[in-house]
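Here's the structure, in structure tokens; my notes come after.
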Amino acid sequence: MKILYFAWVRQKIGLAEEIATPPTSVNTAGELIDWLVCLSPGHAEAFANRGTIRIAINQIFAEPEDSIVGVTEIAFFPPVTGG
Amino acid sequence: MKILYFAWVRQKIGLAEEIATPPTSVNTAGELIDWLVCLSPGHAEAFANRGTIRIAINQIFAEPEDSIVGVTEIAFFPPVTGG
Amino acid sequence: MAIRLQEGPFDLGQEISIMTAARKDVGAVASFIGIAREDNPDEGAEPVIAMTLEHYPGMTERQLMAIETEARGRWPLIDCLIVHRFGRFEPGDPIVLVVTLSSHRQAAFDSCNFLMDYLKTQAPFWKREETVSGERWVNARLSDNDAAERWEGQH
Amino acid sequence: MAIRLQEGPFDLGQEISIMTAARKDVGAVASFIGIAREDNPDEGAEPVIAMTLEHYPGMTERQLMAIETEARGRWPLIDCLIVHRFGRFEPGDPIVLVVTLSSHRQAAFDSCNFLMDYLKTQAPFWKREETVSGERWVNARLSDNDAAERWEGQH
């Protein structure tokens, strides 16, 4: 599974993307975050305030409870500020 | 007093403007129309349906009951269709 | 702030370049171009070959300035421009241009929309259309009055 | 109907010329340009020296296309264009362009306004500002969510 990070999430983790293979017990986007925060202090800091994190599964906005089973691309980022 | 006509009012009267000296009994725009319709069949036809006639006194939208005493320019025309 | 009445064409890109040149406070530029159309909403199928816009010189400028002043009183505008052409036009020819500049997008959008709605009912222009059957004056549309009136309660 | 993501500038006049070329059914062209500003609404007095727009390649195009499809379903549009730039900008630089073409002015105005409101909340862009004190990520604005949500009940 390819995991992408943008804006300050990317900066705190220090990676724009990584390939991860979470255990089979990780079934939702929220459970993936639970697993990611243990990977490094940067991950923990990026996800410290989960309410500010937005999720896209296969490039579509998603919620923490949405399934990531079989998903190839998931992204985490702050609320968007375009235009 | 200069009287201006536009669009089909102008075409029916056959004049774009005329200088008129109505009698002193003519005090309002409506009374001026009463007087104008007697000037020619074109005038009568132009003002036949008064509800469709718009009035501007000194280049400001006005109503039939508005005074024209001392006014230098009055215009009659159909509802506007710009833009 | 400017209004212009002219027979010749206008260049929106150039107008915006002039209005925004060397400014750092403009966040939003809303603009509108009204174009002569071939299809005739009032009369059914007969296409419009050309149209002529007549106006009331003097009163037109006065009304456009009054409309612009009204918009500046309602919204925090950095600048605005109204260009209205008169004369004969064929379908596809641009006729009217409104541009509004503001720090924020909703003020730019709303003031541009307001200026167009007020133009339609407050500026002394009359439209004459040519079709294969001949010429006719275009009737005012009730929908234009409705569009202008929706701003009345919002001052 | 087109969306474009690019680093370089755009030319509104040229875009409109291309979109309206040889057409006789376009009565209304509404357009909007969003420009980088120097003043900083969130942080008080410190002026913005420059900003960098980061985006999510792939998802951005997908979201812009989805927003455009939504607008075409809501209004009778003849054509529309969204151009969004990314990269580093200084105050005064145009960042986003939306153009909508319709037979009638209100459809053009409303769809252009809708596209900008949805862009602000639905397109994955993030803004980083540089001031004399350093750099910071711009926070999302609640007012942008409110602006997008006012279209929800109107489908």
Side-chain angles (χ1 to χ4, degrees), chain A residues 1-20 28-30 32-33 36-37 41-83, chain D residues 3 5 32-37 40-42 51-67 82-86 89 94-98 112-129 135-145 147-148:
Chain A
M1 175 188 293
K2 184 162 74 170
I3 309 179
L4 304 175
Y5 306 113
F6 293 97
W8 52 254
V9 176
R10 170 178 56 71
Q11 288 194 313
K12 285 181 178 176
I13 293 175
L15 289 170
E17 66 177 80
E18 59 186 324
I19 306 295
T28 67
L32 180 61
I33 295 177
L36 287 168
V37 294
H43 286 80
E45 195 195 336
F47 292 108
N49 187 353
R50 296 212 190 175
T52 65
I53 299 293
R54 296 292 175 270
I55 305 163
I57 294 176
N58 286 343
Q59 303 187 351
I60 294 169
F61 280 113
E63 299 297 330
E65 58 272 24
D66 289 335
S67 170
I68 58 165
V69 176
V71 162
T72 54
E73 181 173 311
I74 184 164
F76 298 101
F77 44 76
V80 305
T81 56
Chain D
I3 60 139
L5 268 167
F32 182 88
I33 297 174
I35 299 177
R37 285 191 298 143
N40 193 324
D42 295 331
M51 63 168 62
T52 301
L53 264 181
E54 173 176 336
H55 77 109
Y56 180 173
M59 182 173 174
T60 310
E61 290 86 339
R62 180 194 283 267
Q63 288 296 99
L64 295 183
M65 279 192 279
I67 294 166
I82 303 171
V83 182
H84 209 304
R85 299 175 69 190
F86 59 92
F89 304 101
I95 292 175
V96 58
L97 170 69
V98 174
C112 192
N113 198 335
F114 167 89
L115 285 166
M116 273 308 302
D117 284 346
Y118 264 50
L119 260 177
K120 286 272 182 184
T121 59
Q122 302 294 312
F125 286 93
W126 300 275
K127 205 177 273 174
R128 187 169 169 73
E129 289 180 347
E135 300 193 8
R136 64 171 201 102
W137 292 98
V138 176
N139 290 319
R141 289 214 226 136
L142 284 176
S143 62
D144 285 335
N145 287 321

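In what follows, every chain begins at residue 1, and chains take the letters A, B, ... in the order their sequences are listed. Remember, predicted model here, so these are calculated numbers, not experimental data.
- Taking D:R85, D:H84, D:M116 one by one and counting their heavy-atom pairs under 4.5 Å with chain A, the maximum is reached by D:H84.
- The parts of D:Q122 that come within reach of chain A are both its backbone and its side chain, each placing non-hydrogen atoms under 4.5 angstrom from that chain.
- Listed here is the closest heavy atom pair of A:R10 and D:E54: NH2-OE1, 2.5 Å.
- We find the CZ-CH2 distance between A:F77 and D:W137 to be 13.0 Å, quoted to the nearest 0.5 Å.
- Ranked by non-hydrogen atom pairs under 4.5 Å with chain A, the options D:A36, D:G58, D:G34 are led by D:G58.
- Residues A:Q11 and D:E135 form no side-chain contact, since every pair of their non-hydrogen atoms from C-beta on lies 4.5 Å or further apart.
- Contact tally against chain A (heavy-atom pairs below 4.5 Å) for D:Y56, D:F125, D:F86: the top residue is D:Y56.
- Side-chain contact between A:V80 and D:W126 is present, with heavy atoms from C-beta onward closer than 4.5 Å.
- Heavy-atom minimum distance, D:L53 versus A:T81: CD2-O, 4.3 Å.
- Closest non-hydrogen pair, D:P57 versus A:Q59, comes out as O-NE2, 4.0 Å.
- The most heavy-atom pairs under 4.5 Å with chain D, out of A:P78, A:A56, A:P79, come from A:P78.
- D:K120 places a side-chain N or O within 3.5 Å of a backbone atom of A:G82 that can act as its donor or acceptor partner.
- A heavy-atom distance below 4.5 Å is not found between the side chains of D:R128 and A:W8.
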